[in-house]
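Have a look at the structure below, then the notes.
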Amino acid sequence: MGAHRVYRERRYAFGQQLLTLRTRAALTQIALASQIGVNRRSVQNWETGESYPKAETLRRLIALFLAQGVFTVGQEAEEEEGVVYDVLT
């Protein structure tokens, strides 16, 4: 009998938010990775829901996006899309 692969359920909400912020900051995956001290593959994995950044890396991401002016703490209204995101949930 063949072995069955068990796939984890991926959660895309974080990855979608990261992609949105990275795009607003006009950064490539490589540029973002370089600025926070990880490799491009890590950024790709976060954006696709394959994995999540460690706490210290998440702090660097937040600091970078705050400095870029593309991230606000709390709720952020997206007028162009008519959607409200709670970026802390």
Side-chain angles (χ1 to χ4, degrees):
M1 290 213 217
H4 290 88
R5 276 193 139 169
V6 177
Y7 293 97
R8 289 183 322 178
E9 178 182 336
R10 292 185 183 179
R11 298 186 188 234
Y12 294 98
F14 175 81
Q16 290 171 344
Q17 187 66 35
L18 177 60
L19 175 60
T20 298
L21 293 169
R22 181 176 62 77
T23 303
R24 282 188 193 157
L27 295 170
T28 63
Q29 287 181 342
I30 293 170
L32 175 59
S34 174
Q35 289 192 30
I36 62 170
V38 299
N39 61 43
R40 183 206 54 85
R41 183 68 180 200
S42 294
V43 174
Q44 179 184 15
N45 287 342
W46 303 335
E47 289 181 355
T48 60
E50 183 69 30
S51 63
Y52 297 96
K54 295 180 181 177
E56 182 54 40
T57 305
L58 187 56
R59 282 190 276 278
R60 289 194 302 263
L61 278 169
I62 292 169
L64 173 67
F65 289 136
L66 283 170
Q68 295 274 332
V70 296
F71 180 78
T72 57
V73 178
Q75 288 192 336
E76 177 178 337
E78 294 291 325
E79 290 87 19
E80 67 269 11
E81 297 179 33
V83 179
V84 176
Y85 292 98
D86 182 353
V87 297
L88 295 180
T89 347

Closest non-hydrogen atom pair, L18 against V43: CD2-O, 4.5 Å

Intermediate values then yes/no, side-chain contact (heavy atoms from CB on, under 4.5 Å), L32 and F65: CA-CA 10 Å; L32 175 59; F65 289 136; 4.1 Å; yes

Heavy-atom pair of closest approach, residues A33 and R40: CB-N, 3.7 Å

Note, F14 side chain near L19 side chain (heavy atom, < 4.5 Å): no

Exam field: side chain T57 to backbone P53, donor-acceptor pair closer than 3.5 Å: no

Any K54 side-chain heavy atom under 4.5 Å of L58 side chain: no

Short side-chain to backbone donor-acceptor contact, S34 and I30, under 3.5 Å: no

side-chain contact (heavy atoms from CB on, under 4.5 Å) evaluation trace for V70 with T20: CA-CA 9 Å; V70 296; T20 298; over 6 Å; no

Side chain to side chain, W46 and V38, heavy atoms closer than 4.5 Å: yes

Distance-only side-chain donor-acceptor flag, Q16 / E47, under 3.5 Å: no

Side chain R22, main chain L27, donor-acceptor under 3.5 Å: yes

Smallest separation among heavy atoms of Q44 and Q29, with atom names: CA-NE2, 3.7 Å

Side chains of L21 and L61 in contact at under 4.5 Å (non-hydrogen atoms): no

Smallest separation among heavy atoms of I36 and R60, with atom names: O-NE, 2.8 Å

Polar side chain donor-acceptor pair, N39 to S42, under 3.5 angstrom: yes

